[in-house]
Amino acid sequence: MQSEARTEPFGASSDTALRTAVEDFLSFEAALLDDWRLDEWLQLFTDDCTYHVPATDRPDGDPLRDLFLIQDDYFLLAQRVDALMNGTAWAESPRSTTQRMISNVRCARVSDEVLVRANFLVHRCTPRQTDVYPGRYELTLVEAREHGFQIRRRKAVLALPVLRPAGRVSIIL
Amino acid sequence: MHAGPYVIDDREAPKFRINRSALVDPEVLERERRLIFDTCWLYVGHESELRTANEFRTRNVGGRPVIFLRDSASAIRVLTNSCTHRGMMIETRPEGTARFLKCFYHGWSFSTTGELVAMPDEPSYGPNFDKAALCLPSPPHVDSYAGFVFLSWNPDAAPLVDYLAGATAYLDLVGDQSDAGLQVIDGTHLYSMRANWKLLVENSIDGYHAMTTHHRYLKMLKDSGVDLGTAFSSKGSPPRGYDLGNGHAVIAAVDGSQGTALGLGRAFPTESAARKHRERRDRLVEQHGEEWTNRMLAGRNLLIFPNLIVVDLVMGCTVRTFYPSAPDYMEINAWQIQPADEDSELHEMRMTNFLTFWGPAGLATPDDVEALERCQLGYAAHRSAPWNDISRGMSNPTPGFTEELQMRVFWRHWDTLVNGQEHEPEVPLYRIADEHVSIRRRQGVGSHAE
């Protein structure tokens, strides 16, 4: 397991070519999510992937020890996507409109993986309300022929101390 | 036939209806504050959340800010989180450790037992200044059962065990799962719903909505290889709703030796995890006997009136409490509790296979949030469409878990406290007979804290 430290090995400067490739990939991924092309999005993941969202009061929680909001392996992630797409995720039926902003991208190559840190701001808009989810991504990518990368670990750490008043995370963060 | 302004309780028809104004009217919430949250025992937290002396958690209990802490001698205490000088909320961190509780406004400092110990320029208050009268007040009553700490703002409150009535045995069924006691794990689901708080009471003990609202959750279980037919069957004892007295209710089965125990999680990922789970069962049988163990492993959705829910599915146990800040908005805190000595492989499995199905980002709870918020939206029509129906199973002397006895138990007690309306129980109050209750409780050890 690679270091999950928040700053290392990310310095003030980075490999520009790598960062450009990662930024392109993150923008592509965000577009798939905002366009609700979740089946294609799911194909970006490796079979041994994880998708984690820590509890808001344990942003640096240990997934084997502490309570998380989301702790999906590939099977659960595929179930999540399936329900969102087939209309049985009632919290997203009808679907909300989402708009993602991703910035402050830093990355570093560590052996055969690319570690990425980025900030996100995800807006979830419905006729009733707009929910705003600020946070940071901690991603582990592996290089792949198609789209440049595959996602092995994807962690979305919310900056919100409490999930209020949104009350839920019914979309993919 | 009983027909008050908010509750129609007609045993003949049968018919049980709730007027939706009870879910939207600000005056009803005001009465609830006074007649429920100021009078009942309310859940504060679990003793295991505070591991060391001087550790604290700040909480809102019944609408009032409190500090839930262990004092310097490690005793559990609850102090009002409001300086006795000008009322400032002293501690705003959700958790931490502190040897002194210091108000930054004028610098008054309190010990962890609440005594006022220091203030700038004390002589100006004169020689007759009564510092002892200015300690941080504790609620009139604080007590615990099986590590679950409650308070009451009511000086005349009955003792906690009397208040809990038949619910004590169901807390024992949670607590008895480990000799080492229970441990709340770090990480809290802190969320909200734009809905009346009583809707979450109903939803938390509602077996009827599972097949429709949580279709995707059940599909996930099926796709993971769980046989839903087996998972939801229970040998000779399907889960039922029970009236535990004082507005408390439970849906539970008597025998979880097959079925329900692990029905709501993916299968054990490894043979060694399955073996460890069987070994634990064997240990429990040795200690508590077959019958009590089967009850333990049957799981339960327990409501302790007014706003504590314990959903114990054995390999995952959610403790949830919530409080309204408006008729159409509540804040919810939910924790996971488990045996303090959980084997590391079982713990890992608990985390990866069970826990995150629940909670506000899981595969079930977001749909509950959506459902309750949409109910609340529908209540905007309450003046022309005034009634909710909760009469399912009312003609059944032994109502099943997809029927609604347990909700009627809540609402009748609510109607008594808030509106002074008396209701006869629909079925006899259920109390697990003394010869069946926890061995530890019979021996008078373990469960009831000093």
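Labels below follow one simple rule: chain letters A, B, ... track the order of the sequence lines, proteins then strands, and each chain is numbered from 1.
The shortest distance between side-chain heavy atoms of A:L163 and B:L190 does not fall below 4.5 Å. For the pair A:T56/B:Y191, no side-chain contact is recorded, criterion being any heavy-atom separation below 4.5 Å from C-beta on. In this structure, B:T188 and A:R58 have side chains that are not in contact, with every pair of non-hydrogen atoms separated by 4.5 Å or more.
Residue A:D62: no heavy atom, backbone or side chain, is found under 4.5 Å from chain B. For a residue to count as touching a neighbouring chain, one of its non-hydrogen atoms must lie under 4.5 Å from one of that chain's; by this rule A:S93 touches chain B with the backbone only. For chain A, no part of B:D368 is nearby; none of its heavy atoms comes within less than 4.5 Å. Only the backbone of A:P161 comes within contact range of chain B, with at least one heavy atom under 4.5 Å from a heavy atom of that chain. Of the atoms belonging to A:P59, not a single heavy atom falls under 4.5 Å from chain B. Heavy atoms of B:T365 lying under 4.5 Å from chain A are absent altogether. Using a 4.5 Å cut-off between heavy atoms, B:L377 touches chain A through its side chain atoms alone. At a 4.5 Å heavy-atom cutoff, the contact between A:A166 and chain B is made by backbone atoms alone.
Atom OH of B:Y329 has more than 12 neighbouring heavy atoms from other residues, nucleotides or ligands inside a 6.0 Å radius.
Heavy-atom pairs under 4.5 Å with chain B were tallied for A:V169, A:V53, A:L160, A:I171; the largest tally goes to A:V169. Between chain B and the options A:P54, A:P165, A:A55, the largest number of non-hydrogen pairs under 4.5 Å is found for A:P165. The greatest number of non-hydrogen atom pairs below 4.5 Å with chain A, out of B:E348, B:M193, B:H214, B:R194, is found for B:R194. Comparing A:L64, A:D73, A:V162, A:L173 by heavy-atom pairs within less than 4.5 Å of chain B, the highest count is held by A:L64. Most heavy-atom pairs under 4.5 Å with chain A: of the set B:A371, B:A364, B:S344, B:S224, this distinction falls to B:S224.
Looking at every heavy atom in both residues, B:D367 comes nearest to A:A91 through OD1-N, 2.9 Å. Nearest approach of A:P94 to B:R374, heavy atoms of both residues: CD-NH2, 4.4 Å. Residue A:R80 comes nearest to B:G362 through the heavy atom pair NH1-O, 4.0 Å, listed as atom of the first residue, atom of the second, then distance.
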_Is there a side-chain contact (heavy atoms from CB on, under 4.5 Å) between B:Y217 and A:Q79? Walk through the geometry before answering._
CA-CA 9 Å; B:Y217 183 89; A:Q79 288 287 323; over 6 Å; no
*asked:* With side-chain contact (heavy atoms from CB on, under 4.5 Å) as the criterion, how do A:D66 and B:I185 come out once you've worked through the C-alpha distance, each side chain's angles and the decisive distance to 0.1 Å?
replied: CA-CA 6 Å; A:D66 304 325; B:I185 65 174; 5.8 Å; no
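For residues 156-173 of chain A, the salt bridge (charged side-chain N to carboxylate O under 4.0 Å, His left out) pairs, not counting sequence neighbours, are A:R164-B:E331, A:R168-B:E370, A:R168-B:E373.
Here A:L67 contributes atom CG and B:M351 contributes atom CE; the two are 6.0 Å apart, rounded to the nearest 0.5 Å. Atom-to-atom distance recorded for B:D186:CG and A:D57:CG is 8.0 Å, nearest 0.5 angstrom. The CZ atom of A:F68 lies 10.0 Å from the NE2 atom of B:H189; values are rounded to the nearest 0.5 Å.
Judged by distance alone, with hydrogens and angles left aside, the side-chain atoms of A:W90 form no donor-acceptor pair with the main-chain N or O of B:P366 at under 3.5 Å.
The salt bridge (charged side-chain N to carboxylate O under 4.0 Å, His left out) check on B:E271 picks up B:R278, with sequence neighbours excluded.
A:D82 has a carboxylate O that lies under 4.0 Å from a charged side-chain N of B:K219, or vice versa, which qualifies the two as a salt bridge.
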